[in-house]
2 protein chains.
Amino acid sequence: MKFSKIPAATITRLSMYSRNLEELLAEDVKVISSEKLAERCGVNSAQIRKDVAYFGEFGVRGVGYYVRDLLFEIKKILGLNKEWNLALVGIGNLGSALIAHENFARQGYRFVAAFDNDPHKIGKKLLSGLLVDRIDDLKKVKARCNIEIGVISTPASKAQEVANRLIEADVRAMLNFAPIQIQVPKGFSVENVDFTVKLDNLAYHLTTEG
Amino acid sequence: MKFSKIPAATITRLSMYSRNLEELLAEDVKVISSEKLAERCGVNSAQIRKDVAYFGEFGVRGVGYYVRDLLFEIKKILGLNKEWNLALVGIGNLGSALIAHENFARQGYRFVAAFDNDPHKIGKKLLSGLLVDRIDDLKKVKARCNIEIGVISTPASKAQEVANRLIEADVRAMLNFAPIQIQVPKGFSVENVDFTVKLDNLAYHLTTEG
DNA sequence: TGGTGTGAACAACTTCACAGCG
DNA sequence: CGCTGTGAAGTTGTTCACACCA
């Protein structure tokens with residue numbers, strides 16, 4: 001185990017390993033070698049060994065990794081041994097779909113608040129049972145619900161403004177669905193989910209190789 | 001201009017430059033230096049010069065880049081000088097939200113077909129006016145609508161199966177919203193939009209640095 | 001003069017290859 | 001013996017620094 005810097009890509013792969021290990025667990029596989037797991041994940045086996053070795057010695061030489069143990073360790077590394085409280089900002093089509101989406105809940109992400117600035121939406125109850133709050137009440141609601149991650153699903157033109165509110169309320173992490181680079185101070189994290197960029201990549205490949 | 005291999009990250013950045021240039025155009029800015037554009041995009045200026053230099057000499061020494069011209073060239077590179085036809089597969093909450101989402105249309109991506117395998121949904125008309133087709137009719141519908149990119153918004157358990165149908169129908173590009181690695185043969189492209197991975201990254205940072 | 005285009009230096013990440021251990 | 005853990009080698013991507021040109 002070393003304390004050198006962890007590549008960002010390593011964290012992303014850990015997330016992928018975690019999902020695959022969950023599948024293996026469901027298939028009742030007890031032990032897996034880095035070689036086999038690598039094949040499943042489409043990466044190099046040394047990559048897997050190196051990725052997990054950043055954090056400890058979780059394997060058994062001559063044997064492989066115990067699926068249950070490795071899964072547990074990876075989840076601990078990622079911080080998935082607890083539930084995380086999300087707040088949705090921007091209750092449009094996409095936002096509503098996200099609240100209803102199963103993938104959040106399954107991994108322990110839970111929407112505890114929802115915000116909008118449209119007076120027609122404020123006070124309404126969503127299908128999930130959540131009440132839509134005014135964005136001005138963010139701090140107050142945060143104190144009550146312990147919001148840990150903000151999910152921004154407003155139009156691009158409003159996204160930075162929303163981010164500023166989240167920063168003000170000291171929400172340290174944001175998942176941004178708007179196609180724009182959000183500026184945050186040190187100590188805050190933003191992850192972008194930008195499907196236009198992905199589509200542009202596909203268009204490029206179709207144009208170039210097709 | 002050189003024909004060495006283009007880093008994947010370059011394409012992703014071109015997409016970002018394109019958006020920023022569109023904003024600059026709207027602000028009526030005529031010329032911009034790599035330095036200024038870099039600041040806006042949060043990257044190094046040499047990076048920008050190198051990225052665009054892979055494809056040609058679009059700048060003017062001592063001046064910078066003409067916004068309109070560079071935007072045009074980048075869009076041509078990415079293949080955004082045409083409209084792209086999308087087919088949505090999986091009409092759940094997320095799928096419906098995607099069809100209604102403005103960001104696709106604005107960049108020239110247009111949904112021309114929608115598929116599901118739920119008998120209750122087939123034949124129904126979506127808000128956009130699209131009729132939901134049977135996935136078995138994919139080839140037939142493709143012949144009519146010229147589907148170029150498939151958008152997969154089914155549960156993870158069905159995603160590979162859907163991908164196989166798309167491959168069979170020779171839809172060469174897929175945007176996958178299911179949290180799973182999709183396997184495709186050479187010549188096909190997949191881009192993943194996976195928010196659980198992004199959330200795991202945020203959770204990791206909150207756990208580690210927070 | 002000022003900013004591009006680019007070889008060369010650098011940094012980061014990935015893969016190899018094998019020592020070491022269960 | 002077999003598979004992990006890891007230094008070393010290799011590869012890829014980024015930044016520097018400056019020649020060159022409008």
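Each chain gets a letter, A, B and so on, in the order the sequences are listed, and its residues count up from 1.
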Figure out the CZ/P separation between A/Phe55 and D/dG5, and round it to whole Å. 14 Å
Value in whole Å for how far the C1' atom of C/dG3 lies from CD1 of B/Ile32: 13 Å
How would you list all residue pairs meeting salt bridge (Lys or Arg N to Asp or Glu O under 4.0 Å) that involve residues 90-113 of chain B, not counting sequence neighbours? B/Glu83-B/Arg110
For the rings on B/Phe58 and B/Tyr65, is their centre-to-centre separation under 6.0 Å? no
I need the residues from residues 10-29 of chain B with at least one non-hydrogen atom less than 4.0 Å from DNA chain D; give them sorted by number, or say none. B/Arg13
Kindly indicate whether the side chain of B/Leu166, heavy atoms from C-beta on, has any atom under 4.5 Å from the side chain of B/Leu138. yes
Nearest-Å distance for atom pair CG/P, residues B/Leu70 and C/dG5: 9 Å
Find the distance B/Tyr54:OH to C/dG7:C1' and express it as a whole number of Å. 13 Å
What is the per-nucleotide protein-contact pattern of nucleotides 15-22 of chain C, from the 5' end, where B denotes a base atom under 4.0 Å from a protein heavy atom, S denotes such proximity for sugar-phosphate atoms only, and - denotes neither? BBB--BBB
Only pairs at least two apart or in different chains count here, so list each salt bridge (Lys or Arg N to Asp or Glu O under 4.0 Å) that has a residue in residues 69-79 of chain B. B/Glu22-B/Lys75, B/Glu73-B/Lys76
Between B/Ser34 and C/dT4, does any side-chain N or O lie under 4.0 Å from OP1 or OP2? yes
Is the shortest side-chain N to carboxylate O distance from A/Arg172 to A/Glu148 below 4.0 Å? no
Ignoring backbone atoms, establish whether A/Tyr65 has a side-chain N or O less than 4.0 Å from OP1 or OP2 of D/dG5. yes
Name the nucleic acid region contacted by A/Ser45, choosing base, sugar-phosphate or nothing; use a 4.0 angstrom heavy-atom cut-off, strictly under. nothing
Mind calculating the distance between CD (A/Glu35) and C1' (D/dC1) to the nearest angstrom? 16 Å
With sequence neighbours left out, the residues meeting salt bridge (charged side-chain N to carboxylate O under 4.0 Å, His left out) with A/Glu35 are none
Between C/dT4 (P) and B/Tyr66 (OH): distance, integer Å: 12 Å
In residues 179-196 of chain B, what donor-acceptor pairs under 3.5 Å come from side-chain atoms, sequence neighbours left out?
from, atom 1, to, atom 2, distance (Å)
B/Asn192, OD1, B/Asn176, ND2, 2.9
B/Asp194, OD1, B/Thr196, N, 3.1
B/Asp194, OD1, B/Thr196, OG1, 2.6
B/Asp194, OD1, B/Val197, N, 3.4
B/Asp194, OD2, A/Arg19, NH1, 3.1
B/Asp194, OD2, A/Arg19, NH2, 2.8
B/Thr196, OG1, A/Arg19, NH1, 3.2

Is any side-chain N of the basic residue among A/Arg165 and A/Asp136 closer than 4.0 Å to the acidic one's carboxylate O? yes
I need the CG-C1' distance between A/Asp51 and D/dG5, as an integer number of Å. 13 Å
Any salt bridge linking A/Asp51 with A/Arg49? Criterion: basic side-chain nitrogen under 4.0 Å from a carboxylate oxygen. no
To the nearest angstrom, how far is A/Leu37 atom CG from D/dT4 atom P? 10 Å
